[in-house]
Trainee: 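Sharing a structure here in structure tokens format.
None of the values given here were measured: they were computed from a predicted structure. In the text below, chain A, chain B and the rest are named by the order of the sequence lines, each starting its count at 1.
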2 protein chains.
Amino acid sequence: MMDVVRINCEELEAFVTTILTRAGVPDHEAIIVADCIVSADRRGIASHGVSRLPVYLAKVEAGSMERATRIEILRESQSAALLSGGNGWGPVAGKGAMELAIEKASRTGAAFVGVRESNHFGIAAYYAMMALGHDMIGIALTNSTPLMAPWGSRQAYLGTNPISVAVPAGRERPIVYDGATSVANRGKLVLASRRGESVPNEWAIDPQGHPTTDPAAGLKGALLPIGKYKGSGLAIMVDVLCGVLTGGLFGSAVGDLYDASSCSGVGHFFGALKVDCFMPVDEFKERVDAFVREIRSLPKAEGVGRIYLPGEIEFEKEEESMRLGIALDRGVLNDLNEVAARYDVRKIGDEKVG
Amino acid sequence: MMDVVRINCEELEAFVTTILTRAGVPDHEAIIVADCIVSADRRGIASHGVSRLPVYLAKVEAGSMERATRIEILRESQSAALLSGGNGWGPVAGKGAMELAIEKASRTGAAFVGVRESNHFGIAAYYAMMALGHDMIGIALTNSTPLMAPWGSRQAYLGTNPISVAVPAGRERPIVYDGATSVANRGKLVLASRRGESVPNEWAIDPQGHPTTDPAAGLKGALLPIGKYKGSGLAIMVDVLCGVLTGGLFGSAVGDLYDASSCSGVGHFFGALKVDCFMPVDEFKERVDAFVREIRSLPKAEGVGRIYLPGEIEFEKEEESMRLGIALDRGVLNDLNEVAARYDVRKIGDEKVG
């Protein structure tokens with residue numbers, strides 16, 4: 001059992017924002033980055049939350065990532081655009097790109113915007129969900145640190161290249177899919193390895209390319225895609241859109257998030273579809289509600305307590321976080337407070353609040 | 001070992017076209033349908049080829065599908081449109097919709113077109129690949145006969161809802177992904193059941209919702225998605241776009257392809273992204289070539305002879321079909337010749353040609 005501390009959402013966001021500004025990040029960018037990464041913690045995705053802040057700052061401090069994000073429009077048409085993220089903050093470039101996709105889609109019905117020369121952008125759902133308030137369906141993709149082997153290979157060449165799609169609903173919660181194209185993430189292997197546990201043999205291959213239940217061997221080898229060649233194909237397509245089509249880095253050229261001295265060169269791809277260009281928004285939302293209710297009330301497999309729609313667990317976790325505070329691992333909090341001390345920011349979470 | 005007959009591609013296409021026109025399908029539609037389904041056989045996807053012709057014609061004969069496809073534009077904007085397929089031929093509505101997406105994308109950079117009131121459209125790659133000649137990336141999705149259980153459920157509610165993406169290359173072959181969101185298709189279970197073989201327990205669940213190695217139990221239960229909740233989420237999103245957003249049928253309301261008396265009400269969703277709106281076409285194609293070559297030359301997992309890019313096996317199969325004729329199962333050929341006899345069309349394939 002890990003030692004967990006509950007921290008008030010707003011307090012955590014203010015804390016992160018202050019650290020970022022003290023680190024030289026412009027105020028308006030610090031607010032976006034803090035909102036993005038704390039939203040991951042709120043939603044229960046601790047792997048993409050404040051635990052990454054020291055990693056991001058290590059890159060900034062090493063000079064392999066810019067403090068300020070200079071977004072540049074490299075190419076633009078009515079329903080498409082290509083941006084450079086100027087090797088700045090992923091969430092800042094990502095938010096700007098998604099806003100542009102939404103603006104274009106509001107005029108034409110559908111639009112896509114690619115970003116190159118960016119950095120890790122947190123959870124893909126953060127951007128896909130930006131479309132919801134505009135009565136649009138949002139799409140967000142990114143390439144990432146090479147960790148996964150294309151099907152048939154034994155080399156970690158592709159990222160875990162996630163796909164996120166967010167769909168507005170009426171009375172029901174939006175449907176928000178956000179999933180890596182790998183079966184598991186590296187963090188799960190690291191954890192199992194530390195605990196001396198074995199893992200399902202579909203998670204990873206060893207350095208020879210054999211499926212393994214030994215997490216240490218998997219960490220030396222590569223992650224496996226979902227559905228064998230299918231997830232591999234989907235991850236390849238995500239990299240075509242995020243890396244190849246943007247003119248950015250792709251495959252194993254993408255930098256390692258955890259290597260402070262290397263530039264990431266990550267690419268993203270964002271899309272927005274305006275519901276109203278296909279059918280009246282109210283009717284669509286009623287239909288989404290009906291779809292959600294039908295799925296939720298299907299007969300359950302034996303032993304299953306409840307059928308969850310994509311994103312439903314995260315929405316419930318978020319409500320819990322708002323009520324009780326965000327559940328942070330004590331180790332993550334200690335790391336954050338260490339970073340805070342370096343920037344003369346008062347530490348948080350001394351008392352257990354939950 | 002099945003008894004396989006080789007049939008010349010053009011002969012098979014002419015044969016199918018003649019049967020269709022004799023069945024009252026307008027000439028120009030018969031040509032499209034024949035091209036679409038024979039292209040599946042050429043590419044080695046026998047499950048989506050001429051073996052389906054008797055199934056389609058049974059629907060036409062039963063009056064649950066129209067002989068002629070009246071496409072209607074229901075809603076249209078610069079980068080989006082919604083069509084009705086008029087309960088006619090899936091390939092005719094699909095081709096028309098993809099042409100419209102390409103035309104719109106050629107002006108704006110990106111476009112999506114939905115279709116409702118359609119029927120089974122063959123292989124999704126047929127439409128995604130239409131974008132290639134226009135230097136665009138093509139996307140094609142469809143919902144289908146409910147066969148797969150959403151994660152946590154034990155009911156066949158979703159279709160195997162495939163995703164296809166086609167990417168133009170330079171000297172290399174295009175990258176063409178086309179995969180169902182289920183681990184296996186129903187046909188594989190039927191075949192294993194007939195042969196008395198067991199199947200991997202990730203293919204299907206029994207009627208109680210337990211993973212099963214018994215194909216007969218799986219056929220009574222439901223197919224499973226790739227990557228558990230991930231493939232389930234992707235299949236749900238495909239149905240949101242094809243069924244919910246088009247105003248068509250979704251979930252278990254979609255008709256059974258094999259029930260001649262029921263209308264299918266299938267929906268499709270097509271997209272086109274114009275490469276030139278992101279980067280110069282020549283540069284993109286060189287980058288795709290580099291990506292393909294990198295993946296192909298990665299170190300192989302032990303026991304793997306070759307790393308295939310998405311679509312590569314199908315391109316090689318197609319070349320073989322062009323050279324040697326299409327490999328048709330004798331049983332499929334017999335069924336076709338029976339249908340041909342009903343429409344006074346001379347039968348084919350009497351001599352073994354390969």
Trainee: Please classify the contact of B/F278 with chain A as side chain, backbone, both or neither, using a heavy-atom distance under 4.5 Å.
Mentor: both
Trainee: Report the distance from atom CZ of A/F269 to atom CG of B/L273, rounding to the nearest 0.5 Å.
Mentor: 5.0 Å
Trainee: For chain B, which candidate among A/G251, A/A149, A/G221, A/C277 shows the most heavy-atom pairs at distances under 4.5 Å?
Mentor: A/C277
Trainee: Mind ranking B/D206, B/I163, B/D239, B/D178 by heavy-atom pairs under 4.5 Å with chain A and telling me who comes out on top?
Mentor: B/D239
Trainee: Is the backbone of B/G243 close enough, under 3.5 Å, to the side chain of A/R287 for a donor and an acceptor to pair up by distance?
Mentor: yes
Trainee: What residue in B/Q208, B/H210, B/E76, B/M237 has the most heavy-atom pairs under 4.5 Å with chain A?
Mentor: B/M237
Trainee: Say you draw a straight line from CZ of B/F291 to CG of A/L245; how long is it, rounded to the nearest 0.5 Å?
Mentor: 12.0 Å
Trainee: Kindly determine whether B/R75 and A/D276 satisfy side-chain contact (heavy atoms from CB on, under 4.5 Å), including the steps that lead there.
Mentor: CA-CA 9 Å; B/R75 232 171 163 91; A/D276 188 39; 3.5 Å; yes
Trainee: Given the options B/A80, B/G152, B/G209, which has more heavy-atom pairs under 4.5 Å with chain A than any of the others?
Mentor: B/G152
Trainee: Within the distance-only criterion (no hydrogens, no angle test), does the side chain of B/S79 pair as donor or acceptor with the backbone N or O of A/S79 below 3.5 angstrom?
Mentor: no
Trainee: Tell me which of these, A/V244, A/V304, A/L241, has more heavy-atom pairs under 4.5 Å with chain B than the rest.
Mentor: A/V244
Trainee: Using a cut-off of under 4.5 Å for heavy-atom pairs, which of B/L82, B/V240, B/V183 has the most such pairs with chain A?
Mentor: B/V240
Trainee: Where is the tightest heavy-atom contact between A/I307 and B/S153, given as atom of each residue plus distance?
Mentor: CD1-CB, 3.5 Å
Trainee: Roughly how far, to the nearest 0.5 Å, is CE of B/M279 from CZ of A/R116?
Mentor: 6.5 Å
Trainee: When you measure from the side chain of A/R154 to the backbone N and O of B/P299, does any donor-acceptor pair fall under 3.5 Å?
Mentor: no
Trainee: If you measure from CG on B/L309 to CD1 on A/I236, what distance do you get to the nearest 0.5 Å?
Mentor: 5.5 Å
Trainee: Select one option (side chain, backbone, both, neither) describing which atoms of B/S232 are under 4.5 Å from chain A's heavy atoms.
Mentor: neither
Trainee: What is the distance from atom CD of B/Q155 to atom NZ of A/K300, rounded to the nearest 0.5 Å?
Mentor: 12.0 Å
Trainee: Is B/K274 in contact with chain A via its backbone, its side chain, both, or neither, using a 4.5 Å heavy-atom distance?
Mentor: neither
Trainee: Kindly compute the distance separating CG (A/L234) from OG1 (B/T181), expressed to the nearest 0.5 Å.
Mentor: 9.5 Å
Trainee: Just checking A/Y177 against B/Y229, ring centres under 6.0 Å apart?
Mentor: no
Trainee: Of all heavy-atom pairs between A/P150 and B/L298, which one has the smallest distance, and what is that distance?
Mentor: CG-CD1, 3.5 Å
Trainee: Only heavy atoms, only distances under 4.5 angstrom. Which residues in residues 167-175 of chain B are near chain A?
Mentor: B/V167, B/I175
Trainee: Can you say whether B/E202 sits under 4.5 Å from chain A via the side chain, the backbone, both, or neither, judging by heavy atoms?
Mentor: side chain
Trainee: If you count heavy-atom pairs under 4.5 Å with chain A, which of B/G303, B/P225, B/G233 comes out on top?
Mentor: B/G233
Trainee: Would you say the side-chain atoms of B/K230 pair up with the backbone N or O of A/A180, donor to acceptor, closer than 3.5 Å?
Mentor: yes
Trainee: Can you list the residues of residues 106-114 of chain A that sit under 4.5 Å from chain B, counting heavy atoms only?
Mentor: A/R107, A/T108, A/G109, A/A110, A/F112, A/G114
Trainee: Using a 4.5 angstrom heavy-atom cutoff, name the option from B/P280, B/G227, B/A105 with the most pairs to chain A.
Mentor: B/P280
